[in-house]
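Contents: one structure, followed by commentary.
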There are 4 protein chains.
Amino acid sequence: MVVAMQSRTTAGRAGRPRSAAADAAILAATRAALVELGWSRLTLGDVATRAGVAKTTLYRRWAGKNELVVDAVAELFDELRLPDRGTLAADIEGVVLQFAAILARPEARNGLMAVLAESTRDEALRERIRASIVDRQKRLVLAGRARAQQRGELPPETDPAEAARTVDLIFDVVAGAVVHRELISAEPVDEEWVRSFTRLLLVGLSG
Amino acid sequence: MVVAMQSRTTAGRAGRPRSAAADAAILAATRAALVELGWSRLTLGDVATRAGVAKTTLYRRWAGKNELVVDAVAELFDELRLPDRGTLAADIEGVVLQFAAILARPEARNGLMAVLAESTRDEALRERIRASIVDRQKRLVLAGRARAQQRGELPPETDPAEAARTVDLIFDVVAGAVVHRELISAEPVDEEWVRSFTRLLLVGLSG
Amino acid sequence: MVVAMQSRTTAGRAGRPRSAAADAAILAATRAALVELGWSRLTLGDVATRAGVAKTTLYRRWAGKNELVVDAVAELFDELRLPDRGTLAADIEGVVLQFAAILARPEARNGLMAVLAESTRDEALRERIRASIVDRQKRLVLAGRARAQQRGELPPETDPAEAARTVDLIFDVVAGAVVHRELISAEPVDEEWVRSFTRLLLVGLSG
Amino acid sequence: MVVAMQSRTTAGRAGRPRSAAADAAILAATRAALVELGWSRLTLGDVATRAGVAKTTLYRRWAGKNELVVDAVAELFDELRLPDRGTLAADIEGVVLQFAAILARPEARNGLMAVLAESTRDEALRERIRASIVDRQKRLVLAGRARAQQRGELPPETDPAEAARTVDLIFDVVAGAVVHRELISAEPVDEEWVRSFTRLLLVGLSG
DNA sequence: GTCTAACCGAGACGGTACGTCTCGTCTTGCA
DNA sequence: TGCAAGACGAGACGTACCGTCTCGGTTAGAC
């Protein structure tokens, strides 16, 4: 994703013909640096160089390393889709496998875990992460439940507050278990494990 | 505690022996610095100063910041005990609440998350974390199951391989969910949540 | 003065130019530190602090302590002037006394002797010293001879190679004797000694 | 050789006596390290290792690097002998060439220049150098004059004070010129140069 | 033939300075 | 006027030696 030096020809004037391209180049360079170096070795000067951009330009747009990495990682998780595989269990298995696949990419695991770690001391950063990454994916839980209700696999909810609590619980259990399995236990999130986990989850929820 | 760099057991004869007090002072200083500064602002020079120790002494015993923080944090999790509250559900609730209480301490959350983030690029570090922190706590799952079997709440396992897989699954689900709830969702792990979660887990396992 | 690391003449276009004031401040701070601390206790960090400059700025311009001290000391010897006292003997006495006066300054003696000592193992450093300090002062011998020839005190040279060898011999004898007297024997280079030495030199050369 | 720290005469009664072999090994190791590393890179720990001795042993006998190097170098100059070549001029040429030969050895030039440089800030060190190295060689000037007087080349001195001043002057001129030629100008002290220099000296002294 | 004091090696200790690296800011000159 | 280039003050990095201080283990002379 090399950008740098061509937009000059088309744009006649001074101003900011590069500005739009620079954003994409910087985020791509950030992900590339995460892959090669990890978070702690990643430097903003290096990202600027990779992006063909001056450090000044980078600091004009992001307050620091954390904010930059959050934006660079957030784009990755928007790829998640809820497949229609016919049953709730199959839908869950599909989305869990997708999630695991993204977490298997070094730019995702390095970047995500690092900013989560930083966020334990930085409330604003935690909010940014929740807004940009975490809460945005609760759409998948909601969509899955709606589809299961249409299929008649789940009854319509009666108590909205209880339903919201259940969404949160599911989200913590699913995301937490996959992250723990993959990043901490460092065991594969393969089809067998996903089947066991999904059975536990669905049986547990039916109780 | 996990021994710092190499054992040098009692056999290391010649020369002045390493100060045992220094180890404890350094680990305590590390935890204090984690509370005040977090992981990324923590510097080894500062830790050494707090511990009343020379920087060289610190580097003689730990290879770097990550290894030091792992040892400093590992001690915290050894406080976990499996209470005997009469039923399996109550036992689980008790240990989950203890786990959440440790994770609520800044030195634990900052330190643990940071080294987990670093470990995504450092296989040796991940092994160190597993050996010092994670796997060491599987003892709680094993003890809980044994006690429940004594009480007759759970049947004795028949297939050992299947039993081991179940232990791992439980561990990923429990630790993952609590960590996600507390550190990522930033919602309280209170008695109500713990009750909901424990019900989900036990019902799920009974399926 | 000798340019620090590389010319970077005016052609070095892009980027913020190096501060000219910093160079002067650093060299002055170096001399001050030589006076207070001597060469072996002088640290580049301390020089940077005295100069109100970051250590990096200093390392950007000089490769190390030796090169810095050479430049700092070289400026001192450019103060030497050949006075016109009417006779060759008086001219020599005048310039020897000036030379001795400079060597009496701690920043000159400390700095000069130390870099000379270092230069015994570092050919590049020796060349730098010769170019910056030693050979540059041979101008005094040449000027003195020319003036004496104008006055008729010395005949015009006939063999240029022989004349060059004589310049070198004079230079080694004068500079060597003064340095040895002042820095090694630690005896004063006063008017009486200078008169004795000049007589020896001039009589010796007439032979 | 000069005794290391203080005499500890023979009166030091009880306890194990110091190893005499260690002294010799340390001084030899010091010279070897001077050859390989020069003064500034020479470390006492390395000298101790080379000598097969503990650092403690070394510090028990010398106060520091400077004192150690002075002793190590002093031994080298005691090799100087005044040859009897028949005439004063030939005697001087012989001893100057010997002196130049010693100064050509790296351990001598490195060590000597470095401690001289250090001595510009350390009066005690300068005295130690004068006592151990410099003044000890004035014996050569005295012996040369005595022999020349015996031969009738020089008249017996009449004024003892004047004679002493002349010895000092000669010593400064000879040692200074040779050191400057060899170590600063970095030109060879060969027979031709020595002849020119000796003529200058003897003619100058006859005036 | 023990004592016993001073020696010895090894190596850890609290320090200091090293030279490098990255930070985030601040000039410059070019277009 | 916006941007690349890059110098700037600041400060942590991990390493190398410093000179001191335990350690356990030899010596050799005095008793």
Side-chain angles (χ1 to χ4, degrees), chain A residues 4-5 8 11-19 22 40-46 48-49 51-60 63-65, chain B residues 8 12-19 21-22 40-49 51-65, chain C residues 8 10 12-19 22 40-46 48-49 51-65, chain D residues 8 12-19 22 40-49 52-65:
Chain A
M5 292 297 213
R8 183 63 29 127
R13 282 284 167 198
R16 325 173 23 180
R18 289 197 188 186
S19 175
S40 64
R41 289 179 151 80
L42 176 152
T43 71
L44 296 198
D46 179 56
T49 303
V53 142
K55 255 196 312 178
T56 332
T57 301
L58 207 153
Y59 278 106
R60 229 174 264 128
K65 190 161 149 174
Chain B
R8 235 188 79 72
R13 274 190 306 276
R16 177 173 173 176
R18 290 194 174 161
S19 158
S40 62
R41 291 178 147 79
L42 177 152
T43 70
L44 296 198
D46 178 56
V47 169
T49 302
V53 142
K55 227 179 1 159
T56 31
T57 297
L58 207 152
Y59 278 103
R60 234 173 255 126
R61 301 174 188 215
W62 286 275
K65 191 161 150 175
Chain C
R8 233 189 77 77
T10 53
R13 273 192 305 275
R16 178 173 171 177
R18 289 193 175 160
S19 158
S40 62
R41 291 179 148 80
L42 177 152
T43 70
L44 297 198
D46 179 56
T49 302
V53 142
K55 232 182 352 163
T56 28
T57 297
L58 208 153
Y59 278 105
R60 233 174 257 127
R61 302 174 189 216
W62 285 276
K65 191 161 149 172
Chain D
R8 227 190 79 76
R13 276 188 308 273
R16 176 176 173 178
R18 289 192 176 159
S19 158
S40 63
R41 290 177 150 81
L42 177 152
T43 70
L44 296 198
D46 179 57
V47 169
T49 303
V53 142
K55 251 195 319 177
T56 337
T57 299
L58 208 152
Y59 278 105
R60 230 174 260 127
R61 301 172 190 217
W62 285 276
K65 189 161 152 176

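Per chain, numbering begins at 1; letters A, B, ... match sequence-line order. Reckoned from all heavy atoms, side chains included, excluding hydrogens, waters and symmetry mates.
Atom CZ of C/R18 and atom C1' of E/dG29 are 17 Å apart (whole Å). Summarising the geometry, the separation between CG on D/L44 and P on F/dC18 is reported as 5 Å, rounded to the nearest angstrom. Atom CG in A/L58 sits about 17 Å away from atom P in E/dC26, given to the nearest Å. We find that OH of B/Y59 is positioned 15 Å from P of E/dG14, with the value rounded to whole Å. Straight-line distance from the CZ atom of C/R61 to the C1' atom of F/dA7: 8 Å, rounded to whole Å. In this entry the distance linking CH2 of B/W62 with C1' of F/dG14 reads 17 Å, nearest Å.
Here C/T56 contributes atom OG1 and C/R61 contributes atom CZ; the two are 10.5 Å apart, rounded to the nearest 0.5 Å.
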| message | Determine whether B/R60 and B/T57 satisfy the following criterion, side chain to side chain contact (heavy atoms under 4.5 Å, CB included), listing intermediate values before the conclusion. | response | CA-CA 5 Å; B/R60 234 173 255 126; B/T57 297; 3.6 Å; yes
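Looking at heavy-atom distances under 4.0 Å, B/G52 makes contact with sugar-phosphate atoms alone, never a base.
Under the side-chain contact (heavy atoms from CB on, under 4.5 Å) criterion, C/A51 pairs with C/A25, C/I26, C/A29, C/V53, not counting sequence neighbours.
Judged by closest nucleotide on DNA chain E, C/T43 is the one of C/T43 and A/K65 placed further toward the 5' end. Each of C/D46 and D/T57 was assigned the nucleotide of DNA chain E with the nearest heavy atom; the assignment lying further toward the 5' end belongs to D/T57. Take the nearest nucleotide of DNA chain F for D/G45 and for A/A54: the residue whose nucleotide is more 5' is A/A54.
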Could you pull out every donor-acceptor pair under 3.5 Å between side chains of residues 40-47 of chain D and any protein atom, sequence neighbours left out?
from: D/S40; atom 1: OG; to: C/E118; atom 2: OE1; distance (Å): 3.1
from: D/S40; atom 1: OG; to: C/E118; atom 2: OE2; distance (Å): 3.3
from: D/T43; atom 1: OG1; to: D/D46; atom 2: N; distance (Å): 3.1
from: D/D46; atom 1: OD2; to: D/R50; atom 2: NE; distance (Å): 2.8
from: D/D46; atom 1: OD2; to: D/R50; atom 2: NH2; distance (Å): 3.4

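Taking only side-chain atoms of B/K55, from C-beta outward, the nucleotide of F/dT15, E/dA12, F/dG9 with the closest atom is F/dT15.
The shortest non-hydrogen separation linking C/A48 to C/A54 is CB-C, 4.0 Å.
Within 3.5 Å, a donor on the side chain of C/T56 pairs with an acceptor on the base of F/dA10, or the reverse.
OP1 or OP2 of F/dC3 has at least one side-chain nitrogen or oxygen of A/R60 nearer than 4.0 Å. In this model, the phosphate group of E/dC23 is not approached by any side-chain N or O of B/R41 to a distance below 4.0 Å at OP1 or OP2. Applying the 4.0 Å criterion to OP1 and OP2 of E/dC26, one finds that C/R16 has every side-chain N and O outside that range.
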